[in-house]
Protein chains: 2
Amino acid sequence: MAYHHGNLRAELLARAETVLAEDGVGALSLRSLARDLGVSHAAPSRHFADRQALLDALAVEGFERLGAELAESTSGDGGFEDRLTWLALTYVRFATRYPALLEVMYACKYRDPQDKVRAASAACGEILLDLFDGSGASVADAERFGVILLAALHGIAALTAADSLPPGSSADDLAADTVGRLLRGSRLTG
Amino acid sequence: MAYHHGNLRAELLARAETVLAEDGVGALSLRSLARDLGVSHAAPSRHFADRQALLDALAVEGFERLGAELAESTSGDGGFEDRLTWLALTYVRFATRYPALLEVMYACKYRDPQDKVRAASAACGEILLDLFDGSGASVADAERFGVILLAALHGIAALTAADSLPPGSSADDLAADTVGRLLRGSRLTG
DNA sequence: ACCTGAACACCGTTCAAGT
DNA sequence: ACCTGAACACCGTTCAAGT
């Protein structure tokens with residue numbers, strides 16, 4: 001059989017994301033992806049050293065997409081709190097839309113700090129910090145607030161993705177509410 | 001070879017927790033557990049229908065242990081905020097101590113609401129709600145605050161377990177800080 | 001009731017060999 | 001440079017058979 005692809009890597013990633021969304025991480029295997037693409041089971045190894053490398057690439061893609069959505073959501077005009085709220089909603093909706101992808105993105109344990117996934121994740125954090133420019137808050141206050149808000153949003157996102165929120169609670173409401181309470185409780189621009 | 005165990009189930013769980021703590025979820029296999037315990041590879045199936053059933057049992061154990069620690073941490077005297085803070089610290093420290101177990105506990109996607117894992121998880125939530133007795137807050141306010149706080153703590157715990165907090169941030173400080181800000185921002189006992 | 005042993009279908013990973 | 005095919009060691013799961 002002739003060579004099948006010039007862009008096997010991209011096709012593997014695309015197919016992997018579909019499988020991930022439809023059947024979860026557990027259903028992702030290099031062999032089945034190769035089968036789906038009509039390629040030998042060993043072909044993926046040329047593009048991904050191992051299964052983890054594929055998951056890492058998916059995580060990077062995920063952070064890049066999340067970052068793009070966050071950047072867009074905060075690009076409009078509006079007050080500081082409004083922009084924070086938009087960012088929060090965007091984050092939480094991403095988790096609703098791609099729960100399995102979010103899981104892969106944050107299953108990045110014991111990775112060295114130089115990692116690509118970590119860098120992609122940090123870029124998302126930067127977008128939040130940028131919102132504080134001209135807010136009147138000191139850099140230290142902004143960074144502290146940023147970590148706390150990010151952790152809180154991640155909690156809502158993770159519980160949403162795991163379908164572990166009490167019935168009747170909307171992730172959107174929770175996110176906006178959390179932003180409001182943290183803001184009021186932080187005396188940021190005092 | 002004679003029968004090896006009368007309590008194979010308990011030994012499997014114990015060994016599984018060790019493996020989980022040392023090498024992560026990925027290293028957990030029914031076959032290797034059986035090997036470690038000197039039992040045939042099919043023996044575990046008598047006690048756990050499949051691999052997921054073992055993970056579920058670990059998750060239930062985890063929630064029970066967490067619940068016991070939370071209950072103990074809030075049993076002392078002290079003001080409302082102090083007790084909330086102790087609960088928060090206990091939660092977050094659990095995540096530091098058993099990161100892989102926490103991951104298993106919250107990897108409970110797409111489970112029916114009757115599930116044992118969900119029940120064990122809900123019991124932990126109850127402990128938080130009990131703290132509001134006599135706090136002056138309405139039940140609705142308490143439940144809302146409880147969900148928000150739990151999500152925020154879970155976020156800190158998850159990022160801690162994934163080692164994804166910015167360097168220099170202590171999970172303890174973050175948890176206590178979050179409790180304070182949420183409390184101040186919530187006008188609970190107004 | 002509880003465990004064994006063989007069997008089946010699936011993995012990840014490696015590597016010589018093809019084009 | 002990129003892919004194939006065979007090979008190896010590992011899985012989960014099932015099931016007849018043993019005690």
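Numbers restart at 1 for each chain; the letters A, B, ... are given by sequence-line order, proteins then strands.
- Atom CG in A:L33 sits roughly 16 Å away from atom C1' in D:dC3 (whole-Å rounding).
- Distance, B:L55 CG to D:dG12 C1': 13 Å, rounded to whole Å.
- Here C:dC10 presents its C1' atom at 13 Å from CZ of A:R51, a figure rounded to the nearest Å.
- Distance CG (B:L30) to C1' (C:dC10): 15 Å, rounded to an integer number of Å.
- Under 4.0 angstrom from either OP1 or OP2 of C:dC11 there lies at least one side-chain N or O belonging to A:R35.
- Taking the six-membered ring where the residue is Trp, the centroids of A:F63 and A:Y106 are separated by under 6.0 Å.
- Contact annotation for A:R31: base contact, defined as any heavy-atom pair under 4.0 Å involving a base atom.
- Closest to the side chain of A:D50, from the set D:dC15, D:dG12, C:dT13, is C:dT13.
- Atom-to-atom, CG of B:N7 to C1' of C:dC2 comes out at 13 Å; the value is rounded to the nearest Å.
- With A:Y98 as the aromatic partner, A:R65 meets the cation-pi criteria of under 6.0 angstrom to the ring centre and within 45 degrees of the ring axis.
- Residue A:H41 is in base contact, counting any heavy-atom pair closer than 4.0 Å across all strands shown.
- A:R144 and B:D177 are joined by a salt bridge, as a carboxylate oxygen and a charged side-chain nitrogen come within less than 4.0 angstrom of each other.
- The side chain of A:S40 places no N or O atom within less than 4.0 Å of a non-bridging phosphate oxygen (OP1 or OP2) of D:dC3.
- Looking at the side chain of B:H47, the nearest of the listed nucleotides C:dC3, D:dT14, D:dT4 is C:dC3.
- With a 6.0 Å cutoff to the six-membered ring centre and a 45° limit on the axis angle, A:R181 does not count as a cation-pi contact of B:F145.
- One interatomic measurement links the two molecules: CD of B:E11 to P of C:dC3, which rounds to 10 Å at whole-angstrom precision.
- Comparing A:A27 and A:S45 by the nucleotide of DNA chain C whose heavy atom lies nearest to each, the residue mapping closer to the 5' end is A:A27.
- Using modelled atom types, no side-chain atom of B:S164 and backbone atom of B:T160 make a donor-acceptor pair closer than 3.5 Å.
- Distances were taken from every side-chain heavy atom of A:A42 (C-beta onward) to each of D:dG5, D:dC3, D:dG12; the shortest belongs to D:dG5.
- For the pair B:F48 CZ and D:dG12 P, the interatomic distance rounds to 13 Å; values are reported in whole Å.
- Nucleic acid contact class of B:R46 (heavy atoms, under 4.0 Å, all strands): base.
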(message) Could you write out DNA chain C as dot-bracket? Rules: Watson-Crick or G-U wobble, both distances under 3.5 Å, brackets [ ] for crossings, | for pairs with another strand, dot for unpaired.
(response) ||.|||||...|||||.||
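- In this structure, B:Q52 and A:A43 both approach DNA chain D, and ranking their closest nucleotides by distance from the 5' end singles out A:A43.
- Remark: side-chain polar atoms of A:S121 are not paired, donor with acceptor, to backbone N or O of A:V117 under 3.5 angstrom.
- Classification of the A:Y91-A:H154 ring pair by plane angle, with boundaries at 30° and 60°, yields tilted.
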